[in-house]
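Throughout, protein chains are lettered first and strands after them, A, B, ... in sequence-line order, and every chain is numbered starting at 1. In this text, all values refer to a predicted model and were calculated from it rather than measured experimentally.
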Amino acid sequence: MESLSLYELNNLVRRTLELTMCDEYWIHAEISELRINRHCYIEFAQKEQNGNGLIAKARGQIWANKWMILSQYFQQTTGQTLSPGMKVLVKVQVTFHELYGYSLNVVDIDPTYTLGDIARKRKEILEQLKAEGVDNMNKELQLPRLLQRIAVISAEGAAGYGDFCNQLENNKRKLAFFTKLFPAVMQGKDVEPTIIAALDKIASNLNRWDAVVIIRGGGATSDLSGFDTLELAENVAQFPLPIITGIGHERDFTVLDMIAHTRVKTPTAAAEFLIHHQEEELDYVEELAEKITQTTSNILFNEKKRLQLATNKLPSLFTNLKLREEAKMERLMAYMHNRMTQQIMKDKSHTELLEQQLTLLSRSLLDKEKNKLEVFENKIKNAAPERILQLGFTITRTNGKVVKDASSIKKGDVLDTTFANGTIKSIAE
Amino acid sequence: MKEKITYEQAIKRIEEITRKVESGEMDIDSLAANLKEAKELINVCKEKLTKVENDVQKILEH
(Lines give C-alpha, C1' and ligand atoms only; values in the text may rest on other atoms or scores of the structure.)
Protein backbone atom coordinates (compact mmCIF):
# COMPACT_ATOMS: atom_id res chain seq x y z
CA MET A 1 0.00 0.00 0.00
CA GLU A 2 1.51 3.22 -1.07
CA SER A 3 2.19 5.89 1.62
CA LEU A 4 3.69 9.30 1.92
CA SER A 5 6.20 10.37 4.44
CA LEU A 6 5.09 13.12 6.81
CA TYR A 7 7.45 15.47 5.13
CA GLU A 8 6.09 14.59 1.74
CA LEU A 9 2.58 15.27 2.95
CA ASN A 10 3.55 18.57 4.54
CA ASN A 11 5.45 19.49 1.45
CA LEU A 12 2.39 18.77 -0.62
CA VAL A 13 0.30 21.02 1.61
CA ARG A 14 2.88 23.72 1.34
CA ARG A 15 3.04 23.63 -2.44
CA THR A 16 -0.75 23.59 -2.73
CA LEU A 17 -1.02 26.55 -0.49
CA GLU A 18 1.66 28.42 -2.40
CA LEU A 19 -0.34 27.83 -5.54
CA THR A 20 -3.82 28.49 -4.33
CA MET A 21 -3.24 31.15 -1.71
CA CYS A 22 -0.34 33.19 -3.04
CA ASP A 23 -2.09 36.52 -2.41
CA GLU A 24 -1.84 38.72 0.68
CA TYR A 25 -4.91 39.00 2.84
CA TRP A 26 -6.11 41.81 5.24
CA ILE A 27 -7.43 40.08 8.33
CA HIS A 28 -8.70 41.37 11.71
CA ALA A 29 -8.03 39.34 14.81
CA GLU A 30 -7.10 39.66 18.45
CA ILE A 31 -3.57 39.23 19.73
CA SER A 32 -3.68 36.68 22.49
CA GLU A 33 0.06 36.46 22.97
CA LEU A 34 3.10 38.35 21.79
CA ARG A 35 6.83 37.78 22.12
CA ILE A 36 9.66 39.88 20.75
CA ASN A 37 13.29 38.87 20.24
CA ARG A 38 14.44 40.60 17.13
CA HIS A 39 11.46 39.04 15.36
CA CYS A 40 7.97 39.43 16.70
CA TYR A 41 5.99 36.24 17.35
CA ILE A 42 2.25 36.63 17.73
CA GLU A 43 -0.62 34.32 18.61
CA PHE A 44 -3.75 35.47 16.78
CA ALA A 45 -7.16 34.43 18.01
CA GLN A 46 -10.81 35.07 17.46
CA LYS A 47 -13.35 34.80 20.24
CA GLU A 48 -16.93 33.74 19.98
CA GLN A 49 -19.40 36.56 19.40
CA ASN A 50 -20.80 36.38 22.92
CA GLY A 51 -18.62 34.41 25.24
CA ASN A 52 -14.94 34.16 25.68
CA GLY A 53 -14.42 30.86 23.84
CA LEU A 54 -12.12 30.86 20.85
CA ILE A 55 -13.34 29.97 17.41
CA ALA A 56 -10.09 30.46 15.53
CA LYS A 57 -6.41 30.60 16.28
CA ALA A 58 -3.21 31.04 14.26
CA ARG A 59 0.45 31.59 14.83
CA GLY A 60 2.04 34.60 13.19
CA GLN A 61 5.34 36.34 12.93
CA ILE A 62 6.72 39.69 11.84
CA TRP A 63 10.28 39.31 10.68
CA ALA A 64 12.79 41.69 12.30
CA ASN A 65 13.24 44.14 9.39
CA LYS A 66 9.48 44.42 8.87
CA TRP A 67 8.88 44.54 12.64
CA MET A 68 11.16 47.58 13.04
CA ILE A 69 9.12 49.56 10.53
CA LEU A 70 5.68 48.33 11.60
CA SER A 71 6.25 48.70 15.36
CA GLN A 72 7.43 52.29 14.90
CA TYR A 73 4.51 53.05 12.59
CA PHE A 74 2.06 51.52 15.06
CA GLN A 75 3.60 53.39 17.97
CA GLN A 76 3.43 56.75 16.18
CA THR A 77 -0.20 56.34 15.26
CA THR A 78 -1.56 54.86 18.44
CA GLY A 79 1.04 56.01 20.92
CA GLN A 80 1.18 52.44 22.17
CA THR A 81 3.04 49.26 21.33
CA LEU A 82 1.48 46.05 20.02
CA SER A 83 0.41 44.00 23.00
CA PRO A 84 -1.85 41.15 23.96
CA GLY A 85 -5.53 41.91 24.14
CA MET A 86 -5.38 44.32 21.22
CA LYS A 87 -7.56 43.85 18.19
CA VAL A 88 -5.55 44.44 15.01
CA LEU A 89 -6.04 44.69 11.26
CA VAL A 90 -3.04 43.13 9.53
CA LYS A 91 -2.07 42.10 6.01
CA VAL A 92 -0.70 38.55 5.97
CA GLN A 93 0.77 35.99 3.68
CA VAL A 94 -0.37 32.42 4.40
CA THR A 95 2.60 30.09 4.78
CA PHE A 96 3.05 26.46 5.59
CA HIS A 97 6.35 24.93 6.61
CA GLU A 98 6.93 21.20 6.74
CA LEU A 99 8.39 21.48 10.22
CA TYR A 100 6.78 24.56 11.70
CA GLY A 101 3.42 24.15 10.15
CA TYR A 102 0.88 26.80 9.31
CA SER A 103 1.67 30.42 10.13
CA LEU A 104 0.78 33.88 9.01
CA ASN A 105 3.54 36.19 7.90
CA VAL A 106 2.51 39.76 8.73
CA VAL A 107 3.57 42.29 6.07
CA ASP A 108 1.48 45.35 7.00
CA ILE A 109 -0.81 46.74 9.69
CA ASP A 110 -3.54 49.39 9.93
CA PRO A 111 -3.17 50.95 13.39
CA THR A 112 -6.34 53.07 13.08
CA TYR A 113 -8.35 49.87 13.34
CA THR A 114 -6.77 49.16 16.70
CA LEU A 115 -7.27 52.74 17.79
CA GLY A 116 -10.88 52.44 16.81
CA ASP A 117 -11.22 49.28 18.77
CA ILE A 118 -9.56 50.77 21.85
CA ALA A 119 -11.73 53.86 21.63
CA ARG A 120 -14.82 51.76 21.17
CA LYS A 121 -13.94 49.67 24.23
CA ARG A 122 -13.37 52.83 26.27
CA LYS A 123 -16.66 54.28 25.13
CA GLU A 124 -18.48 51.12 26.13
CA ILE A 125 -16.91 51.13 29.58
CA LEU A 126 -17.71 54.82 30.05
CA GLU A 127 -21.31 54.27 29.03
CA GLN A 128 -21.52 51.40 31.47
CA LEU A 129 -20.20 53.65 34.25
CA LYS A 130 -22.61 56.41 33.26
CA ALA A 131 -25.44 53.89 33.36
CA GLU A 132 -24.36 52.93 36.87
CA GLY A 133 -24.25 56.66 37.62
CA VAL A 134 -20.74 56.47 39.01
CA ASP A 135 -18.78 58.11 36.21
CA ASN A 136 -18.45 61.46 38.00
CA MET A 137 -18.29 60.30 41.58
CA ASN A 138 -14.54 60.63 42.05
CA LYS A 139 -14.48 63.90 40.16
CA GLU A 140 -17.07 65.37 42.46
CA LEU A 141 -14.99 64.73 45.55
CA GLN A 142 -13.72 67.92 47.12
CA LEU A 143 -9.93 68.19 47.30
CA PRO A 144 -9.21 68.82 50.98
CA ARG A 145 -7.40 72.04 51.85
CA LEU A 146 -4.63 69.95 53.40
CA LEU A 147 -3.46 67.65 50.63
CA GLN A 148 -0.41 66.20 52.29
CA ARG A 149 -0.77 62.49 52.96
CA ILE A 150 -0.53 60.83 49.58
CA ALA A 151 -0.99 57.11 48.94
CA VAL A 152 0.95 56.32 45.79
CA ILE A 153 0.15 53.36 43.56
CA SER A 154 3.03 52.68 41.23
CA ALA A 155 5.38 49.93 40.10
CA GLU A 156 7.89 48.90 42.70
CA GLY A 157 11.24 50.56 42.03
CA ALA A 158 9.96 52.32 38.93
CA ALA A 159 11.53 55.64 38.02
CA GLY A 160 8.15 57.37 38.22
CA TYR A 161 7.76 56.96 41.96
CA GLY A 162 11.34 58.13 42.60
CA ASP A 163 10.97 61.35 40.58
CA PHE A 164 7.60 61.96 42.19
CA CYS A 165 8.96 61.73 45.74
CA ASN A 166 12.05 63.83 45.04
CA GLN A 167 9.97 66.58 43.62
CA LEU A 168 7.57 66.53 46.53
CA GLU A 169 10.35 66.48 49.11
CA ASN A 170 12.27 69.50 47.93
CA ASN A 171 9.54 71.94 46.95
CA LYS A 172 10.75 75.48 47.34
CA ARG A 173 8.30 76.61 49.99
CA LYS A 174 9.09 73.71 52.34
CA LEU A 175 5.52 72.39 52.14
CA ALA A 176 5.14 69.17 54.01
CA PHE A 177 4.08 65.99 52.20
CA PHE A 178 4.01 62.40 53.27
CA THR A 179 3.86 59.60 50.75
CA LYS A 180 3.69 55.84 50.92
CA LEU A 181 4.02 53.40 48.02
CA PHE A 182 1.38 50.77 47.42
CA PRO A 183 3.08 48.70 44.74
CA ALA A 184 1.15 47.46 41.70
CA VAL A 185 1.92 46.24 38.20
CA MET A 186 1.67 49.05 35.72
CA GLN A 187 1.58 47.15 32.47
CA GLY A 188 -0.30 44.34 30.82
CA LYS A 189 -3.13 42.29 32.19
CA ASP A 190 -2.00 42.47 35.82
CA VAL A 191 -2.67 46.20 35.99
CA GLU A 192 -6.27 45.73 37.03
CA PRO A 193 -5.96 43.19 39.84
CA THR A 194 -2.89 44.76 41.43
CA ILE A 195 -4.21 48.32 41.38
CA ILE A 196 -7.52 47.18 42.81
CA ALA A 197 -5.62 45.34 45.53
CA ALA A 198 -3.62 48.47 46.31
CA LEU A 199 -6.79 50.55 46.42
CA ASP A 200 -8.32 48.09 48.84
CA LYS A 201 -5.29 48.33 51.10
CA ILE A 202 -5.50 52.10 51.09
CA ALA A 203 -9.21 51.94 51.77
CA SER A 204 -8.58 49.77 54.82
CA ASN A 205 -7.61 52.89 56.80
CA LEU A 206 -8.92 55.74 54.81
CA ASN A 207 -8.45 58.54 57.33
CA ARG A 208 -4.68 58.25 57.03
CA TRP A 209 -4.79 59.58 53.50
CA ASP A 210 -5.80 62.78 51.78
CA ALA A 211 -5.59 61.49 48.21
CA VAL A 212 -4.36 58.67 45.99
CA VAL A 213 -1.91 59.12 43.12
CA ILE A 214 -1.57 56.46 40.43
CA ILE A 215 1.60 57.04 38.48
CA ARG A 216 3.69 55.08 35.98
CA GLY A 217 7.05 56.22 34.84
CA GLY A 218 9.36 54.85 32.22
CA GLY A 219 8.10 56.38 29.06
CA ALA A 220 4.76 56.14 27.43
CA THR A 221 5.35 53.40 24.98
CA SER A 222 4.19 50.46 27.00
CA ASP A 223 0.69 49.18 26.67
CA LEU A 224 -2.14 51.10 28.27
CA SER A 225 -4.89 48.59 27.73
CA GLY A 226 -4.60 47.44 31.32
CA PHE A 227 -5.98 50.85 32.38
CA ASP A 228 -9.05 50.47 30.18
CA THR A 229 -10.97 47.87 32.14
CA LEU A 230 -14.48 48.14 33.57
CA GLU A 231 -13.72 46.73 36.99
CA LEU A 232 -10.72 49.00 37.56
CA ALA A 233 -12.78 51.96 36.37
CA GLU A 234 -15.61 51.09 38.76
CA ASN A 235 -13.19 50.85 41.65
CA VAL A 236 -11.55 54.17 40.91
CA ALA A 237 -14.87 55.88 40.24
CA GLN A 238 -16.29 54.87 43.58
CA PHE A 239 -13.13 55.32 45.62
CA PRO A 240 -13.87 57.68 48.54
CA LEU A 241 -10.63 59.66 48.16
CA PRO A 242 -9.79 61.84 45.15
CA ILE A 243 -7.55 59.94 42.72
CA ILE A 244 -4.92 61.67 40.60
CA THR A 245 -3.63 59.72 37.59
CA GLY A 246 -0.24 60.40 36.05
CA ILE A 247 0.08 57.41 33.77
CA GLY A 248 2.48 59.31 31.58
CA HIS A 249 0.72 59.30 28.24
CA GLU A 250 0.85 62.26 25.95
CA ARG A 251 -2.26 61.99 23.88
CA ASP A 252 -4.41 59.23 25.07
CA PHE A 253 -6.99 59.36 27.84
CA THR A 254 -7.52 55.93 29.32
CA VAL A 255 -10.81 55.22 31.00
CA LEU A 256 -8.96 55.59 34.29
CA ASP A 257 -7.87 59.08 33.32
CA MET A 258 -11.40 60.01 32.38
CA ILE A 259 -13.04 59.07 35.64
CA ALA A 260 -10.26 59.89 38.08
CA HIS A 261 -10.59 63.20 39.97
CA THR A 262 -7.63 64.74 38.15
CA ARG A 263 -5.56 63.53 35.22
CA VAL A 264 -2.03 64.78 34.64
CA LYS A 265 0.46 63.69 32.03
CA THR A 266 3.45 62.50 34.05
CA PRO A 267 4.52 61.61 37.61
CA THR A 268 6.36 64.93 37.91
CA ALA A 269 3.19 66.70 36.76
CA ALA A 270 1.35 64.85 39.55
CA ALA A 271 3.87 66.18 42.09
CA GLU A 272 3.54 69.67 40.63
CA PHE A 273 -0.23 69.46 40.94
CA LEU A 274 0.00 68.64 44.64
CA ILE A 275 2.67 71.26 45.32
CA HIS A 276 0.66 73.91 43.46
CA HIS A 277 -2.47 73.06 45.45
CA GLN A 278 -0.60 73.42 48.76
CA GLU A 279 1.16 76.61 47.61
CA GLU A 280 -2.21 78.15 46.88
CA GLU A 281 -3.34 77.14 50.34
CA LEU A 282 -0.27 78.74 51.91
CA ASP A 283 -0.81 81.87 49.79
CA TYR A 284 -4.40 81.98 50.98
CA VAL A 285 -3.37 81.80 54.63
CA GLU A 286 -0.78 84.52 54.11
CA GLU A 287 -3.33 86.60 52.24
CA LEU A 288 -5.76 86.32 55.16
CA ALA A 289 -2.99 87.32 57.57
CA GLU A 290 -2.15 90.32 55.38
CA LYS A 291 -5.78 91.32 55.10
CA ILE A 292 -6.33 91.24 58.85
CA THR A 293 -3.21 93.24 59.69
CA GLN A 294 -3.99 95.68 56.90
CA THR A 295 -7.61 96.24 57.94
CA THR A 296 -6.83 96.51 61.64
CA SER A 297 -4.07 99.02 61.03
CA ASN A 298 -6.46 100.92 58.75
CA ILE A 299 -9.08 100.97 61.47
CA LEU A 300 -6.56 102.14 64.07
CA PHE A 301 -5.18 104.71 61.67
CA ASN A 302 -8.67 106.04 60.91
CA GLU A 303 -9.62 106.18 64.59
CA LYS A 304 -6.44 108.08 65.39
CA LYS A 305 -7.04 110.42 62.52
CA ARG A 306 -10.61 111.00 63.65
CA LEU A 307 -9.39 111.79 67.14
CA GLN A 308 -6.67 114.01 65.79
CA LEU A 309 -9.12 115.78 63.58
CA ALA A 310 -11.45 116.41 66.49
CA THR A 311 -8.71 117.75 68.74
CA ASN A 312 -7.36 119.94 65.98
CA LYS A 313 -10.71 121.37 65.37
CA LEU A 314 -11.39 122.36 68.96
CA PRO A 315 -9.41 125.58 69.10
CA SER A 316 -10.61 126.72 65.74
CA LEU A 317 -14.11 125.76 66.71
CA PHE A 318 -13.81 127.79 69.79
CA THR A 319 -12.39 130.83 68.04
CA ASN A 320 -15.00 130.54 65.37
CA LEU A 321 -17.64 130.52 68.00
CA LYS A 322 -16.13 133.49 69.75
CA LEU A 323 -15.74 135.37 66.54
CA ARG A 324 -19.24 134.57 65.57
CA GLU A 325 -20.61 135.78 68.87
CA GLU A 326 -18.53 138.91 68.76
CA ALA A 327 -19.57 139.56 65.25
CA LYS A 328 -23.13 139.16 66.32
CA MET A 329 -22.65 141.57 69.14
CA GLU A 330 -21.01 144.08 66.87
CA ARG A 331 -23.68 143.72 64.35
CA LEU A 332 -26.21 144.25 67.07
CA MET A 333 -24.41 147.28 68.36
CA ALA A 334 -24.01 148.72 64.92
CA TYR A 335 -27.60 148.03 64.27
CA MET A 336 -28.74 149.77 67.39
CA HIS A 337 -26.37 152.57 66.78
CA ASN A 338 -27.56 153.30 63.35
CA ARG A 339 -31.14 152.72 64.26
CA MET A 340 -30.77 155.35 66.95
CA THR A 341 -28.94 157.75 64.73
CA GLN A 342 -31.51 157.13 62.13
CA GLN A 343 -34.20 157.85 64.63
CA ILE A 344 -32.50 160.99 65.76
CA MET A 345 -31.88 162.05 62.25
CA LYS A 346 -35.45 161.36 61.45
CA ASP A 347 -36.73 163.35 64.41
CA LYS A 348 -34.35 166.16 63.69
CA SER A 349 -35.27 166.38 60.12
CA HIS A 350 -38.84 166.10 61.16
CA THR A 351 -38.60 169.06 63.46
CA GLU A 352 -36.66 170.99 60.89
CA LEU A 353 -39.28 170.22 58.43
CA LEU A 354 -41.92 171.38 60.80
CA GLU A 355 -40.02 174.47 61.50
CA GLN A 356 -39.60 175.23 57.88
CA GLN A 357 -43.18 174.49 57.22
CA LEU A 358 -44.12 176.71 60.10
CA THR A 359 -42.11 179.63 58.91
CA LEU A 360 -43.30 179.13 55.42
CA LEU A 361 -46.84 178.85 56.48
CA SER A 362 -46.75 181.81 58.72
CA ARG A 363 -44.97 183.86 56.11
CA SER A 364 -47.40 182.88 53.46
CA LEU A 365 -50.16 183.59 55.87
CA LEU A 366 -48.85 187.01 56.56
CA ASP A 367 -48.30 187.69 52.96
CA LYS A 368 -51.74 186.56 52.19
CA GLU A 369 -53.19 188.91 54.79
CA LYS A 370 -50.93 191.66 53.60
CA ASN A 371 -52.03 191.15 50.11
CA LYS A 372 -55.55 191.07 51.15
CA LEU A 373 -55.12 194.38 52.97
CA GLU A 374 -53.41 195.91 50.03
CA VAL A 375 -56.17 194.82 47.79
CA PHE A 376 -58.67 196.34 50.11
CA GLU A 377 -56.62 199.44 50.32
CA ASN A 378 -56.39 199.67 46.62
CA LYS A 379 -59.94 198.91 46.29
CA ILE A 380 -60.77 201.66 48.73
CA LYS A 381 -58.37 203.99 47.12
CA ASN A 382 -59.73 203.29 43.79
CA ALA A 383 -63.18 203.54 44.97
CA ALA A 384 -62.49 207.00 46.42
CA PRO A 385 -64.50 209.38 44.40
CA GLU A 386 -61.67 211.85 44.09
CA ARG A 387 -59.66 209.12 42.29
CA ILE A 388 -62.51 208.40 39.99
CA LEU A 389 -63.12 212.06 39.27
CA GLN A 390 -59.43 212.48 38.57
CA LEU A 391 -59.73 209.70 36.02
CA GLY A 392 -62.24 212.00 34.15
CA PHE A 393 -65.31 210.50 35.50
CA THR A 394 -67.87 212.87 36.88
CA ILE A 395 -70.64 212.31 39.34
CA THR A 396 -73.95 213.66 38.20
CA ARG A 397 -76.55 214.44 40.75
CA THR A 398 -79.94 215.96 40.49
CA ASN A 399 -81.54 217.28 43.50
CA GLY A 400 -78.62 216.01 45.45
CA LYS A 401 -79.09 212.43 44.27
CA VAL A 402 -76.69 210.62 42.07
CA VAL A 403 -78.05 209.94 38.66
CA LYS A 404 -77.17 206.52 37.35
CA ASP A 405 -79.81 206.20 34.68
CA ALA A 406 -79.51 208.57 31.74
CA SER A 407 -83.07 207.93 30.87
CA SER A 408 -84.17 209.27 34.17
CA ILE A 409 -83.17 212.75 33.17
CA LYS A 410 -85.64 215.03 31.61
CA LYS A 411 -85.09 218.11 29.67
CA GLY A 412 -84.46 220.88 31.84
CA ASP A 413 -83.43 218.94 34.85
CA VAL A 414 -80.77 220.74 36.75
CA LEU A 415 -77.63 218.57 36.91
CA ASP A 416 -74.88 219.10 39.28
CA THR A 417 -71.72 217.55 37.73
CA THR A 418 -68.93 217.27 40.15
CA PHE A 419 -65.46 217.28 38.70
CA ALA A 420 -62.22 216.45 40.45
CA ASN A 421 -61.79 220.17 41.03
CA GLY A 422 -65.33 221.38 41.44
CA THR A 423 -68.92 221.16 40.58
CA ILE A 424 -70.79 222.75 37.84
CA LYS A 425 -74.44 223.15 37.33
CA SER A 426 -75.98 222.35 33.96
CA ILE A 427 -79.49 222.05 32.51
CA ALA A 428 -80.33 218.93 30.56
CA GLU A 429 -81.42 219.75 27.12
CA MET B 1 -6.57 74.42 72.80
CA LYS B 2 -4.83 75.55 69.65
CA GLU B 3 -3.17 72.24 68.76
CA LYS B 4 -6.41 70.29 68.79
CA ILE B 5 -8.13 72.52 66.25
CA THR B 6 -8.22 71.10 62.73
CA TYR B 7 -6.84 73.01 59.80
CA GLU B 8 -10.30 73.49 58.30
CA GLN B 9 -11.70 74.87 61.56
CA ALA B 10 -8.76 77.23 61.91
CA ILE B 11 -9.24 78.59 58.40
CA LYS B 12 -12.98 79.07 58.95
CA ARG B 13 -12.35 80.98 62.18
CA ILE B 14 -9.74 83.21 60.53
CA GLU B 15 -12.11 83.91 57.65
CA GLU B 16 -14.84 84.81 60.12
CA ILE B 17 -12.61 87.23 62.03
CA THR B 18 -11.42 88.81 58.78
CA ARG B 19 -14.95 89.24 57.58
CA LYS B 20 -16.00 90.87 60.86
CA VAL B 21 -12.99 93.19 60.92
CA GLU B 22 -13.50 94.20 57.28
CA SER B 23 -17.21 94.81 57.66
CA GLY B 24 -16.55 97.17 60.57
CA GLU B 25 -18.66 95.11 62.97
CA MET B 26 -15.66 94.81 65.23
CA ASP B 27 -15.38 97.44 67.95
CA ILE B 28 -11.97 98.67 68.94
CA ASP B 29 -11.97 96.88 72.29
CA SER B 30 -12.47 93.39 70.83
CA LEU B 31 -10.20 94.20 67.91
CA ALA B 32 -7.03 93.44 69.84
CA ALA B 33 -8.29 90.12 71.21
CA ASN B 34 -9.51 88.95 67.81
CA LEU B 35 -6.31 90.02 66.13
CA LYS B 36 -4.32 87.96 68.61
CA GLU B 37 -6.51 84.90 68.07
CA ALA B 38 -6.26 85.29 64.31
CA LYS B 39 -2.49 85.54 64.47
CA GLU B 40 -2.27 82.38 66.55
CA LEU B 41 -4.55 80.48 64.19
CA ILE B 42 -2.53 81.64 61.20
CA ASN B 43 0.60 80.23 62.76
CA VAL B 44 -1.18 76.96 63.44
CA CYS B 45 -2.20 76.74 59.78
CA LYS B 46 1.24 77.59 58.52
CA GLU B 47 2.74 74.99 60.79
CA LYS B 48 0.35 72.36 59.55
CA LEU B 49 1.09 73.26 55.95
CA THR B 50 4.82 73.27 56.21
CA LYS B 51 5.59 70.76 58.98
CA VAL B 52 3.53 67.59 59.16
CA GLU B 53 2.78 67.08 62.82
CA ASN B 54 4.99 64.39 64.11
CA ASP B 55 2.13 62.13 65.11
CA VAL B 56 1.14 61.71 61.48
CA GLN B 57 4.73 60.88 60.79
CA LYS B 58 4.78 58.25 63.50
CA ILE B 59 1.64 56.48 62.36
CA LEU B 60 2.85 56.24 58.82
CA GLU B 61 6.36 55.19 59.74
CA HIS B 62 5.78 51.58 60.71
Side-chain angles (χ1 to χ4, degrees), chain A residues 142-152 165 168-182 201-202 204-210 274-307, chain B:
Chain A
Q142 181 82 14
L143 277 181
R145 281 185 178 278
L146 267 192
L147 197 56
Q148 287 179 329
R149 302 166 304 160
I150 314 298
V152 182
C165 289
L168 274 192
E169 285 324 311
N170 24 47
N171 64 77
K172 54 186 178 343
R173 293 181 68 178
K174 302 237 171 333
L175 296 159
F177 288 100
F178 201 88
T179 59
K180 189 162 192 248
L181 175 64
F182 291 81
K201 227 194 274 157
I202 297 169
S204 62
N205 33 44
L206 220 47
N207 44 34
R208 277 196 192 169
W209 307 107
D210 299 324
L274 296 172
I275 294 170
H276 179 65
H277 182 272
Q278 292 304 94
E279 275 176 347
E280 268 181 3
E281 194 54 35
L282 188 55
D283 291 345
Y284 181 58
V285 170
E286 278 162 0
E287 189 199 306
L288 281 177
E290 179 50 33
K291 221 190 262 180
I292 287 194
T293 19
Q294 193 55 40
T295 355
T296 16
S297 54
N298 286 353
I299 292 175
L300 291 181
F301 176 75
N302 292 341
E303 290 311 322
K304 239 184 264 152
K305 220 164 71 184
R306 234 171 80 198
L307 213 58
Chain B
M1 187 279 287
K2 284 288 163 291
E3 270 52 40
K4 288 293 151 290
I5 192 168
T6 71
Y7 182 86
E8 303 273 348
Q9 288 162 338
I11 286 282
K12 282 210 175 40
R13 180 68 186 126
I14 300 170
E15 281 168 343
E16 196 200 324
I17 295 176
T18 324
R19 191 188 48 70
K20 266 216 213 111
V21 169
E22 276 183 333
S23 62
E25 285 163 43
M26 184 85 67
D27 55 68
I28 296 269
D29 310 311
S30 51
L31 194 59
N34 276 285
L35 189 62
K36 188 163 159 294
E37 185 191 352
K39 282 285 174 201
E40 268 164 29
L41 289 174
I42 284 168
N43 289 340
V44 164
C45 288
K46 280 193 178 163
E47 221 171 85
K48 281 183 187 286
L49 273 171
T50 51
K51 254 199 327 317
V52 176
E53 290 136 338
N54 31 42
D55 49 8
V56 170
Q57 203 89 12
K58 270 197 238 70
I59 302 171
L60 301 176
E61 272 319 328
H62 56 73

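Among the candidates B:T18, B:L31, B:I28, the single residue satisfying the side chain to side chain contact (heavy atoms under 4.5 Å, CB included) test with A:T296 is B:L31.
With chain B as the partner, the residue from A:Q278, A:R173, A:E281 showing the most heavy-atom pairs under 4.5 Å is A:E281. In terms of heavy-atom pairs under 4.5 angstrom with chain B, the leader among A:L175, A:T295, A:V285, A:L146 is A:L146.
Rounding to the nearest 0.5 Å gives a distance of 11.0 Å between CD1 of B:I42 and CD of A:E287. How far CD of A:Q148 is from NZ of B:K48: 9.0 Å, rounded to the nearest 0.5 Å. Atoms CZ and CG, from A:F177 and B:L49 in turn, are 9.0 Å apart once rounded to the nearest 0.5 Å.
We find that A:R145 and B:E15 are joined by a salt bridge, their nearest charged nitrogen and carboxylate oxygen being less than 4.0 Å apart.
Within a 6.0 Å radius of CD in A:Q142, other residues, nucleotides and ligands contribute 12 heavy atoms or fewer.
Contacts between A:L147 and chain B at a heavy-atom distance below 4.5 Å are absent for every atom of the residue. At a 4.5 Å heavy-atom cutoff, A:Q294 makes no contact with chain B through either its backbone or its side chain. Of the two parts of A:L282, the backbone and the side chain both hold a non-hydrogen atom closer than 4.5 Å to a non-hydrogen atom of chain B.
Shortest non-hydrogen contact noted between A:I292 and B:I17 is CD1-CG2, 4.2 Å.
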